[in-house]
Amino acid sequence: MMRLSLSFCLSFLFSASLYATPWEQVSGPTNNPSSSIGSYANGCLDGASPLPLNGIGYQVLRSKTKRYYGHPHTISFVEELAKQANHDLNTTLLIGDLSLARGGRFSSGHTSHQTGLDIDIWLRLADEPLSYNELQLPKPISVVDLKKYKILEHRWEDRHFEIIRSAAQNEDVARIFVHPVIKEQLCKQENASERNWLRKVRPWWGHHYHFHVRLSCPTSSANCVDQAPPPAGDGCGAELASWKPKATPPPVKKNATKIPPKPKKRKIIPSRCLPLITKR
Ligand SMILES: [Zn+2]
């Protein structure tokens, strides 16, 4: 009986792949020259490189989902940052999602990561390497007390500051997304006059157990669409304060006419991406 129900559960799990996007069904990367096409949340990746599953200073999480492909710039960025973390900070970075073998849409999780230029790096530092099983089902560790909207002092380390600063100072990096509380912590901790890097670190909900690095379009990728640069300044003042949840919600006006939400525009996949899912 036990065995029966287990096999039922397994077959149910595997049937979930029926909902996979076409991008999750491709056989592997194309052999074309590397090129990121389209925008971060609507695009694809030609000639991707895999992040090697074994490297210095990093480990790849959930390798079974095969989200470890990127533009070659992305792969060298991860390898460099990891070497530095290993050498200078004596730790190992846990690397989450990059992109699929030809980029495109995931069936679960985020909508970006489509052009091989986005990388999730966990804030859990693996001073002891994780086993294969732990890597497949990793336990996230948050550095933010979400209820109190405060950094968890016992979890936050100078090494987090060092890693995020070093990533932001890399000239290939366009943006880094972190939870607003983490951005607040970085703003507080950086007392040098050199605060330019903070401009690239953008507050965004979610990112409290990992940070998300976004690289600029490589110049050789003619059909890659960059995002507008972040607003000028270090972003530590009013803009950051505006993220803080209000203590009491504003009163609801009586007889206020409800504005219906705007229908979401359907994204049209860039035409240059289509051959990547139709040709094997
Ligand atoms: Zn991400």
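Indexing begins at 1, ligand by ligand and atom by atom, following the structure's order.
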Exercise for review: On the 0 to 90° scale, with breaks at 30° and 60°, tag the Trp197-Phe161 ring pair as parallel, tilted or perpendicular.
Suggested key: perpendicular

Review point. Which word best sums up how the rings of His73 and His71 line up, parallel for under 30°, tilted for 30 to 60°, or perpendicular for over 60°?
Key: perpendicular

Review point. Between Ser99 and Thr115, is any pair of side-chain heavy atoms under 4.5 Å apart?
Key: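 No, their side chains stay 4.5 Å or more apart.
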
**Study point:** Heteroatom of Asp120 nearest to the Zn ion (ligand 1) (N, O or S, atom name)
**Key:** OD1

Check your understanding: By atom name, which N, O or S atom belonging to His212 lies closest to the Zn ion (ligand 1)?
Key ->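 It is ND1 of His212.
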
Exercise for review: Decide, counting backbone as well as side-chain atoms, whether His113 has an N, O or S atom less than 2.8 Å from the Zn ion (ligand 1).
Suggested key: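 Yes.
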
Exercise for review: Show your working on side-chain contact (heavy atoms from CB on, under 4.5 Å) between Ile182 and Phe211 and close with a plain yes or no.
Suggested key: CA-CA 10 Å; Ile182 298 178; Phe211 63 102; over 6 Å; no

